[in-house]
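Written out below as structure tokens is the structure these notes cover.
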Amino acid sequence: MKRCFCVISRFIYLSTERNKGASLVSNVRHDHTRAAAAKTLSDFRWEESKSSDSQKWSRLEHNGPYFAPEYDPLPASVPFYYDGQLLKLSPATEEIATFYAKMLDHEYTSKEAFQNNFFTDWREEMTSEERKQIKTLSKCDFSHMHKHFLEKSEERKNMTKEEKQVLKEESSRLVEQYGFCVLDGHREKIGNFKLEPPGLFRGRGEHPKMGKLKKRIQPEHVAINCSQDAKIPEAPAGHRWKRVQHDNTVTWLASWLENIHGRPKYIMLNPSSKLKGEKDWQKYETARQLKVCVNAIRKQYKRDWTSREMKSRQRGVAIYFIDKLALRAGNEKDEESADTVGCCSLRVEHISLHRRLDGLEHVVEFDFLGKDSIRYYNKVPVEKQVFKNLKLFIKHKDPEDDLFDRITTVNLNKALNECMPGLTAKVFRTFNASTTLQDQLNKLTAEDMTVEEKILSYNRANRAVAILCNHQRAAPKTFEKSMQLLQEKIQKKKEQIEEAKRELKAAKKAHRDAPSDRCRKLVEKKEKLVQRLCEQLKKLQLQETDREENKVIALGTSKLNYLDPRITVAWCKKHNVPIEKIYNKTQRDKFTWAIHMTDESFQF
DNA sequence: CACGAGACTTGCCTGGACGAAC
DNA sequence: GTTCGTCCAGGCAAGTCTCGTG
């Protein structure tokens, strides 16, 4: 498998290198396409790939991370008052105050947890003098700071073109210096070369740590990873790195521990890199592998529904949910984070069982907060045996008890792995998402459609996946307004059509009454106008449908993470839709591998 | 097996660039 | 020229899963 990808990756490099003849590129592609076609799924050796996969590179060199600029103290003209008294804060204290002052408009500064966390952490950073004086948050007056930053941002908006140009050049110099690394002889883009600046932590949902201080990262906190023979990046003057290591079994260039949860964070490559692309390709191949054995797995979990062992029954139902509803695995979480769940961590309170609902039998009603505190709400008719089992699982339990108390993500994944090497809960999401896209595209695309209609079909297929995976977004702030505008446009267009039709009729009549070349030409002209207007109307109406259906659905996540790009590429080729209409520049870069290795016959 | 550390993927939001409409 | 709206890259939080250790 590994070897197979090497062919592809060599091709990608070839094709992205300048001054290479097009004929060479197409030759490579041709060869590869055949090689890939000849390769069947059973040829993949997962065990083998596992050992060889552990080495991620042989040579790695980079310039280290870019540190956030030092704090620039406020001008003396921006006062801070405590309890009505002017107070000059020390730079460190002032800096943290500005984090809060910048957020005053946000709803969450009104939350008690946010205020308490912020104030506790702020006081910890104060000088003892300041700590003695500043005892109550509500007595702090940040309003002048707040105003100062509003003005600053206004200033920034009103910069001249030239000033903006200067900034732009500065930032591209930064990218030039820090934004790339050299991995195995190839210059690769780094994903996030800038270290996160200090600020206030705002978790998602009801996060118990909201408002806590995210501290400034110092070089002494940062570990550097590069190859032994590489030039070690220089630490900022007067500083040294936490450590420099040469571990080629990992892909990160730099890492540090964030202070909120004490979890590691990393600087890694951009998705367009070979390293990431290879991994991505592997992911989809695993998902395609599941396609081959999913029937057997389904049979197995259905058998488990009637197992004598409670654990097996629970696992059978859990995998059924993961498969049917594309739920996430649902690892255990600690108390120090928002209360969200996935499949294995579902609690009794998250489901309601309805013997009969809306004319359907055995309906399970799900209502819980999933990843990022996004609500999952769904009413699903299930097999009778699943229903029976669920009743059994919740018997004698309290609402806050685990629904699946005998299983964990670890043993669930272990069981899955025994069915198919490499299989874990999340593979089902990839598999179901990509399968859905393929099915929907096949169903929704017709040859006689215009390109616009085909794109609408694609978006609908994409949307079906997003709904399956529960990818949501906040409705755009301007949604209502822009929708209304669009409707007015449509109305206007309709009126134009009426008008044009009347004119056409009149022209026809004139031509009938007194045929002439001039009259005939006028009729033709009017006919064309009507036709053109109708086409425009259709386009607008398509746009309206698309936008309405998309109001709270986020398509990006599935497009980027769940849909095998080869499905899209093949579809575009087959139906003559330019790939640029579906993938923007970033997406094309990320999916370069797929764009080059896929021909129109590919099916997931 | 439980646990925690570590590595890597997935996820939503936002600020600013850019183009269209006024 | 200004305003408005859309799109996208970047930001960073929050998941999943693996591995080593006792």
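Each chain gets a letter, A, B and so on, in the order the sequences are listed, and its residues count up from 1.
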Given atom [atom1] of [X] and atom [atom2] of [N], what is their separation to the nearest angstrom?
| X | N | atom1 | atom2 | value |
| --- | --- | --- | --- | --- |
| A:Leu555 | B:dT10 | CG | P | 17 Å |
| A:Asn192 | B:dT10 | CG | C1' | 15 Å |
| A:Lys265 | B:dC8 | NZ | C1' | 14 Å |
| A:Glu155 | B:dG16 | CD | C1' | 17 Å |
| A:Lys559 | B:dT9 | NZ | C1' | 19 Å |
| A:Gln472 | B:dT10 | CD | P | 19 Å |
| A:Arg406 | B:dC1 | CZ | P | 15 Å |
| A:Leu560 | B:dT9 | CG | P | 12 Å |

Self-check item: Toward the 5' end of DNA chain C, by each residue's nearest nucleotide, A:Glu258 or A:Lys189
Solution: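 Of the two residues, A:Lys189 wins.
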
Quiz prompt | Closest-nucleotide 5' rank along DNA chain C - winner of A:Asn584 and A:His207 | solution =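 The residue closer to the strand's 5' end, by nearest nucleotide, is A:Asn584.
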
Scan [X] against the nucleic acid and name what it touches under 4.0 Å (heavy atoms): base, sugar-phosphate only, or nothing.
| X | result |
| --- | --- |
| A:Ala474 | sugar-phosphate |
| A:Pro271 | nothing |
| A:Lys214 | sugar-phosphate |
| A:Lys590 | nothing |
| A:Gly330 | sugar-phosphate |
| A:Asn413 | sugar-phosphate |
| A:Ser255 | nothing |
| A:Lys157 | nothing |
| A:Lys276 | sugar-phosphate |
| A:Arg328 | sugar-phosphate |
| A:Thr340 | sugar-phosphate |

Self-check item: salt_bridge(A:Lys147, A:Glu151) N-O dist < 4.0 Å
Solution: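 The answer is yes: the pair qualifies as a salt bridge.
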
With respect to the side chain of [X], which nucleotide from [options] is positioned closest?
| X | options | value |
| --- | --- | --- |
| A:Lys279 | C:dG11, B:dC8, B:dT10 | B:dC8 |
| A:Arg156 | C:dC12, B:dC12, B:dG16 | B:dG16 |
| A:Lys283 | B:dT10, C:dC12, B:dT9 | B:dT10 |
| A:Tyr266 | B:dC8, C:dA14, C:dG15 | B:dC8 |
| A:Asn331 | C:dC12, C:dT16, C:dA14 | C:dT16 |
| A:Met268 | B:dT10, B:dT9, C:dG15 | B:dT9 |
| A:His471 | C:dC17, B:dG11, B:dC8 | B:dG11 |
| A:Thr557 | B:dA17, C:dC12, B:dC12 | B:dC12 |

For [X] and [N], is the shortest distance between a side-chain N/O and OP1 or OP2 below 4.0 Å?
| X | N | answer |
| --- | --- | --- |
| A:Lys164 | B:dG16 | no |
| A:Lys371 | C:dT16 | no |
| A:Thr424 | C:dT16 | no |
| A:Arg429 | B:dG11 | yes |

Quiz prompt | Any N/O donor-acceptor pair, A:Lys426 side-chain to B:dT9 base, under 3.5 Å | solution =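 Per atom types, no contact qualifies.
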
Quiz item: Can you find an N or O donor on one side and an acceptor on the other, under 3.5 Å apart, linking the side chain of A:Arg263 with the base of C:dG15?
Solution: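 Flag set: donor-acceptor pair detected.
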
Quiz item: If you pin A:Lys168 and A:Asp280 to their nearest nucleotides in DNA chain B, which one's is more 5'?
Solution: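 Its nearest nucleotide being more 5', the pick is A:Asp280.
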
Practice problem: For A:Thr430 and for A:Lys414, locate the closest nucleotide of DNA chain B by heavy-atom distance; then report the residue assigned to the nucleotide nearer the 5' terminus. | Solution: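 Going by which nucleotide is closer to the 5' end, it is A:Lys414.
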
[atom2] on [Y] to [atom1] on [X], rounded to 0.5 Å:
| X | Y | atom1 | atom2 | result |
| --- | --- | --- | --- | --- |
| A:Gln115 | A:Thr120 | CD | OG1 | 11.0 Å |
| A:His221 | A:Leu195 | NE2 | CG | 11.5 Å |
| A:Lys194 | A:Ile267 | NZ | CD1 | 11.5 Å |
| A:Ser345 | A:Ile407 | OG | CD1 | 10.0 Å |
| A:Ile322 | A:Leu327 | CD1 | CG | 7.0 Å |

Exercise. For a ring pair (Phe, Tyr, Trp, His ring centres under 6.0 Å) with A:Tyr108, tell me which candidate from A:Phe201, A:Tyr100, A:Phe114 qualifies.
Key: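 Result for ring pair (Phe, Tyr, Trp, His ring centres under 6.0 Å) with A:Tyr108: A:Phe114.
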
Quiz prompt | Within the 6.0 Å centroid threshold, strictly below: A:His471 and A:Tyr562 | solution =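 Yes - the distance between ring centres of A:His471 and A:Tyr562 falls below the 6.0 Å cut-off.
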
